[in-house]
Amino acid sequence: TMSALTACSADTKDAIKAARIYATVAGDDEVVVIDDDTHAVLSHISVGQGPAIILATPDHTKLYTANWADDTVSAIDVATEVVTSIAVGSRPYVIAMAPDGEHLYAGLNANAIAVISTATDTIERMIPTSELPASIIVSPDGQTLYVATLLPGGLSAISAATGDEI
């Protein structure tokens with residue numbers, strides 16, 4: 001059953017020749033690959049538990065899911081469908097991609113942002129936040145993270161390079 005559905009299209013030149021839709025299915029802990037033209041299901045990719053959000057790198061060679069039920073982020077190689085699990089320590093409430101595709105930012109339930117290298121699929125560092133990061137927007141130049149927090153709520157600008165509030 002599909003208890004959550006989020007999709008993004010990845011139309012790549014080398015990895016996959018035709019357009020694909022990638023949809024998270026939280027109840028089945030998977031990403032379903034659908035042909036954009038025929039709507040046929042092409043494959044099922046197992047990921048972490050409770051995938052809630054899916055994002056692609058700008059070059060569409062990798063996908064990332066925020067897995068709410070097992071405190072991980074899954075990195076999916078689009079060409080091979082090989083999955084790497086990245087343990088982030090608490091629920092990844094939100095994820096955001098840097099415009100250059102070099103970093104994924106995971107807002108964690110533990111009041112922090114995990115900075116994940118998309119080259120190595122490892123956590124480079126953690127940025128503490130005052131509250132739960134509910135939304136992260138990366139500036140077009142990739143230099144600033146705009147972070148909205150829950151309870152009591154607020155908005156801050158954080159340097160992507162240093163993690164300092166600016």
Nearest 0.5 Å, what's the CG-OG distance between Asp70 and Ser85?
6.0 Å
Stepwise, does the side chain to side chain contact (heavy atoms under 4.5 Å, CB included) test hold for Ile86 with Ser74?
CA-CA 6 Å; Ile86 306 163; Ser74 294; over 6 Å; no
Smallest heavy-atom separation, Asp71 atom then Arg91 atom, equals OD1-N, 3.1 Å
Do Ile158 and Tyr146 come within less than 4.5 Å of each other through their side chains, counting heavy atoms only?
no
Ignoring hydrogens and geometry beyond distance, is a side-chain donor-acceptor pair present between Ser159 and Asp164 at under 3.5 Å?
no
Has Thr80 got a side-chain atom pairing as donor or acceptor with Val82's backbone, closer than 3.5 angstrom?
yes
Closest heavy-atom pair and its distance - His60, Val78
O-CG2, 3.5 Å
Closest heavy-atom pair and its distance - Tyr64, Ile95:
O-CD1, 3.6 Å
So Ile53 and Thr24, do their side chains get closer than 4.5 Å, heavy atoms only?
no
Give a yes or no answer on whether the side chain of Asp35 reaches the backbone of Thr38 with a donor-acceptor pair at less than 3.5 Å.
yes
May I have the list of side-chain donor-acceptor pairs in residues 130-142 shorter than 3.5 Å, sequence neighbours left out?
from: Ser139; atom 1: OG; to: Asp141; atom 2: OD1; distance (Å): 2.6
from: Ser139; atom 1: OG; to: Gly142; atom 2: N; distance (Å): 3.4
from: Ser139; atom 1: OG; to: Gln143; atom 2: N; distance (Å): 3.3
from: Ser139; atom 1: OG; to: Thr144; atom 2: N; distance (Å): 3.1
from: Ser139; atom 1: OG; to: Thr144; atom 2: O; distance (Å): 3.4
from: Asp141; atom 1: OD1; to: Gln143; atom 2: N; distance (Å): 2.9

Please report the interatomic distance CD1(Ile166) to CG(Leu145), rounded to the nearest 0.5 Å.
8.5 Å
Interatomic spacing from OG1 in Thr129 to CD in Glu165 - rounded to 0.5 Å
10.0 Å
Looking at Thr118 and Met97, what are the two nearest heavy atoms and their distance?
CG2-SD, 4.2 Å
Beyond-backbone contact of Thr72 with Val88, side-chain heavy atoms, under 4.5 angstrom:
no
Val33 and Ile21, any side-chain heavy atoms less than 4.5 Å apart:
no
Is there a side-chain contact between Thr122 and Ile116, using heavy atoms and a 4.5 Å cut-off?
no
Quick test of your reading of the model: are Asp36 and Arg20 salt-bridged, counting only N-O distances below 4.0 Å?
no
For residues 42-52, please give each side-chain donor-acceptor pair under 3.5 Å, one per line with the distance, not counting sequence neighbours.
from: Ser43; atom 1: OG; to: Glu81; atom 2: OE1; distance (Å): 3.2
from: Ser43; atom 1: OG; to: Glu81; atom 2: OE2; distance (Å): 2.9
from: His44; atom 1: ND1; to: Glu30; atom 2: OE1; distance (Å): 3.3
from: His44; atom 1: ND1; to: Glu30; atom 2: OE2; distance (Å): 3.1

With rounding to the nearest 0.5 angstrom, report the CD1 to CG distance, Ile54 to Leu63.
4.5 Å
Ile76 versus Tyr22: any side-chain heavy-atom pair under 4.5 Å?
no
So that I can tick it off, tell me whether Lys62 and Asp121 are bridged by a salt bridge, with the cut-off set at under 4.0 angstrom between side-chain N and carboxylate O.
yes
Nearest atoms (heavy-atom pairs only) where Ile123 meets Ala87
CD1-O, 3.4 Å
Which atoms form the tightest heavy-atom contact between Pro92 and Ala66, and what is the distance?
O-CB, 3.5 Å
In Å and rounded to the nearest 0.5 Å, what is the OG1 to CG distance from Thr65 to Asp29?
9.5 Å
Quick one about Thr61 and Asp77 (side-chain donor to acceptor, distance below 3.5 Å, no hydrogens or angles considered), yes or no?
no
Quick one: does Val147's side chain get under 4.5 Å of Leu155's, heavy atoms only?
no
To the closest 0.5 Å, what do you measure between CD1 (Ile127) and OH (Tyr105)?
6.5 Å
